[in-house]
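Input: a single structure, listed below in structure tokens.
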There are 2 protein chains.
Amino acid sequence: MRSATPLKRRRGRPPKDQAGFSQTKAELIRSGMEVLTEKGYSATGIDEILRRVGVPKGSFYHYFKNKDAFGSELISNYAKFFEHKLDRSLGNRSLPALQRLSLFMQDAIDGMARHQFKRGCLVGNLGQEMGALPESFRRQLIEVFETWQQRLEACLEEAKAAGDISADTDCKQSAYLFWTGWEGAVLRAKLERTPNALQSYADFFINSLK
Amino acid sequence: MRSATPLKRRRGRPPKDQAGFSQTKAELIRSGMEVLTEKGYSATGIDEILRRVGVPKGSFYHYFKNKDAFGSELISNYAKFFEHKLDRSLGNRSLPALQRLSLFMQDAIDGMARHQFKRGCLVGNLGQEMGALPESFRRQLIEVFETWQQRLEACLEEAKAAGDISADTDCKQSAYLFWTGWEGAVLRAKLERTPNALQSYADFFINSLK
DNA sequence: TAAAATATTAGACCGATCGTCTATAAAAAT
DNA sequence: ATTTTTATAGACGATCGGTCTAATATTTTA
């Protein structure tokens, strides 16, 4: 489980080659993402995130004001990453719209499988924990959902125009529903450690559009 | 927020009127349920649960071996509570099967509204946290889902027999899907603090059966 | 090239939390 | 009446999370 990088890191101001890019910061974000999608925010200690990449505590508080600020950056980071993913998949005009959605879902299933279904969705994880999270996270998370919804809505509109889904589909509403249910499926896949919930939901949703 | 019950509790062995029933233990479970459905397991400390009901630590560890045992009892308790609820709603033969499901959902929505959508579902909450929870919780949670699924499956079979839903519906599969998506909707309702996700999902699911 | 400024690492520190343990109290059993 | 059982009371130590100050190495500037 442990990555255990006991390498002594260089102290002092680093050589100025990398333009505004910090390797250490990137490592912290990656490490944080891994742990948070598995265990959630509250259950995760900074120490664990640091240990994984062999970074001392001082560095963490150099790059982030505190744990909350770190969490907030994780959300932004995840959102951006996911947005690009959606643009490449749902927005890929060289494929039929509905097929793009199917591919996206299969891709996500494969992704979860690669981590033995131990890692979920950051947005879902934090959403569930809202009661223990800083209030500022709420808006951020809601906005992320809205972004995803817009991407899917556009895709569904294309499917409708192509006559692949029922002409009276409310694409906005369908897109909203999709993400709601999808999060449920991710949660359950994580609980059961199988792709079953995701696969079922994928088929179900596609079918509901026709 | 605080209930602040600074009442000095009776010390010593209690009068033997109540047959095997402990008021204090019940209070701890209720208190724990409230906090855990809001903040989750990891984010909640024993002290907070105790403070709410004015019970000292000694009592907690008198009734429960440790936090994990407490959590496990919470799950059992929640499962039993919910099972009865489902029996009364989904199993109420004096109503059309589909209508029972609608009523159950509306009831749940009202319930969440009463707590300003701050409390979610214990099973969903813990499921999401699995990465940080004792492995024994997993089986327990999966089994709870299965129980719920069976209740709904039976209800759907009745609806099918009555001709209210498509004759080729796979009731078991539909029931599985329902709970998967429902948890997603609960999560989102909690995030957005509105009944919107639940309402949408309710309509969507009922519609998908026809 | 020496001093000042800056960027980063290092880890001490404090408070909170978990679980244990001992003391106390009151009722029941003998 | 004495002992046993059931339960509350809360102090205590170990551990851990988050913050903060000191130390160190590099750049910048003069």
Side-chain angles (χ1 to χ4, degrees), chain A residues 2 5-29 31-32 35-36 39-74 129 132-134, chain B residues 4-29 31-32 35-36 39-74 129 132-134:
Chain A
R2 296 277 324 287
T5 311
L7 297 169
K8 278 295 170 196
R9 308 179 85 79
R10 292 187 65 124
R11 294 181 78 136
R13 183 171 183 163
K16 174 154 189 172
D17 42 0
Q18 53 213 347
F21 173 77
S22 163
Q23 176 63 31
T24 301
K25 184 172 183 179
E27 280 178 42
L28 287 173
I29 287 181
S31 171
V35 189
L36 285 210
K39 320 202 324 181
Y41 186 81
S42 308
T44 305
I46 307 237
D47 277 337
E48 180 176 355
I49 296 169
L50 297 172
R51 222 181 316 120
R52 290 194 167 219
V53 285
V55 169
K57 228 168 202 178
S59 299
F60 183 90
Y61 284 92
H62 170 66
Y63 291 111
F64 309 99
K65 181 166 159 286
N66 53 30
K67 195 190 179 188
D68 286 355
F70 178 63
S72 181
E73 273 210 48
L74 280 189
E129 286 186 84
L133 266 41
Chain B
T5 310
L7 297 169
K8 278 293 170 195
R9 311 177 83 79
R10 286 188 67 117
R11 295 179 79 137
R13 184 170 180 166
K16 177 159 187 173
D17 43 359
Q18 54 210 348
F21 173 78
S22 164
Q23 177 62 33
T24 300
K25 183 171 182 180
E27 281 178 44
L28 287 173
I29 287 181
S31 170
V35 188
L36 285 210
K39 320 200 324 180
Y41 186 81
S42 308
T44 305
I46 307 243
D47 280 336
E48 180 178 356
I49 295 169
L50 297 172
R51 223 182 313 120
R52 290 196 166 216
V53 286
V55 168
K57 224 169 206 178
S59 299
F60 183 90
Y61 283 93
H62 172 66
Y63 292 111
F64 308 100
K65 182 167 161 286
N66 52 32
K67 193 189 181 190
D68 286 354
F70 178 64
S72 181
E73 272 209 50
L74 280 190
E129 286 186 83
L133 264 41

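All chains are named by letter (A, B, ...) in the order of the sequence lines, taking the proteins before the strands, and each is independently numbered beginning at 1.
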*List the atom of Ser42(B), the atom of Leu133(B), and the distance in Å for their closest heavy-atom pair.*
OG-CD1, 4.3 Å

*Could you give the CD-to-C1' distance, from Gln23(A) to dA7(C), as a whole number of Å?*
16 Å

Can you tabulate the close N/O pairs, meaning under 3.5 Å, that link protein atoms to atoms of nucleotides 14-16 of chain C?
none

Scan nucleotides 17-21 of chain C against the protein and return all N/O pairs shorter than 3.5 Å with their distances rounded to 0.1 Å.
unit_1  : atom_1 : unit_2   : atom_2 : d
dC18(C) : OP1    : Ile46(B) : N      : 3.3
dC18(C) : OP2    : Ile46(B) : N      : 3.1
dG19(C) : OP2    : Tyr61(B) : OH     : 2.9
dG19(C) : O5'    : Tyr61(B) : OH     : 3.4
dG19(C) : N7     : Lys57(B) : NZ     : 3.2
dG19(C) : O6     : Lys57(B) : NZ     : 3.0

*Compare side-chain N and O positions of Thr24(B) against OP1 and OP2 of dA7(D) and report whether any pair is under 4.0 Å apart.*
no

*Could you list the residues that satisfy side chain to side chain donor-acceptor pair (under 3.5 Å) with Ser31(B), not counting sequence neighbours?*
none

_Spacing between Phe64(B) atom CZ and dT8(D) atom P, to the nearest angstrom_ = 11 Å

*Just how far, in rounded Å, is P of dC16(D) from CD1 of Ile49(A)?*
16 Å

*Can you list the residues that meet the side-chain contact (heavy atoms from CB on, under 4.5 Å) rule with Glu73(B), with sequence neighbours excluded?*
Lys25(B), Ile29(B), Phe64(B)

*Considering only dT8(C), dG10(D), dA10(C), which nucleotide approaches the side chain of Pro56(B) most closely?*
dG10(D)

*Check whether any side-chain N or O of Ser59(B) sits under 4.0 Å from OP1 or OP2 of dA9(D), and answer yes or no.*
no

*Which distance, rounded to the nearest 0.5 Å, do you find between the OH of Tyr63(A) and the CG of Leu28(A)?*
8.0 Å

*Does any pair with a residue in residues 59-69 of chain B pass salt bridge (Lys or Arg N to Asp or Glu O under 4.0 Å), and if so which ones, sequence neighbours excluded?*
none

Could you list the donor-acceptor pairs under 3.5 angstrom formed between side-chain atoms of residues 43-50 of chain B and any protein atom two or more places apart in sequence or on another chain?
unit_1   : atom_1 : unit_2   : atom_2 : d
Thr44(B) : OG1    : Gly40(B) : O      : 2.6
Glu48(B) : OE1    : Lys39(B) : NZ     : 2.9

_Looking at His62(B), I'd like to know whether one of its side-chain N or O atoms comes within less than 4.0 Å of OP1 or OP2 on dA7(D)._
yes

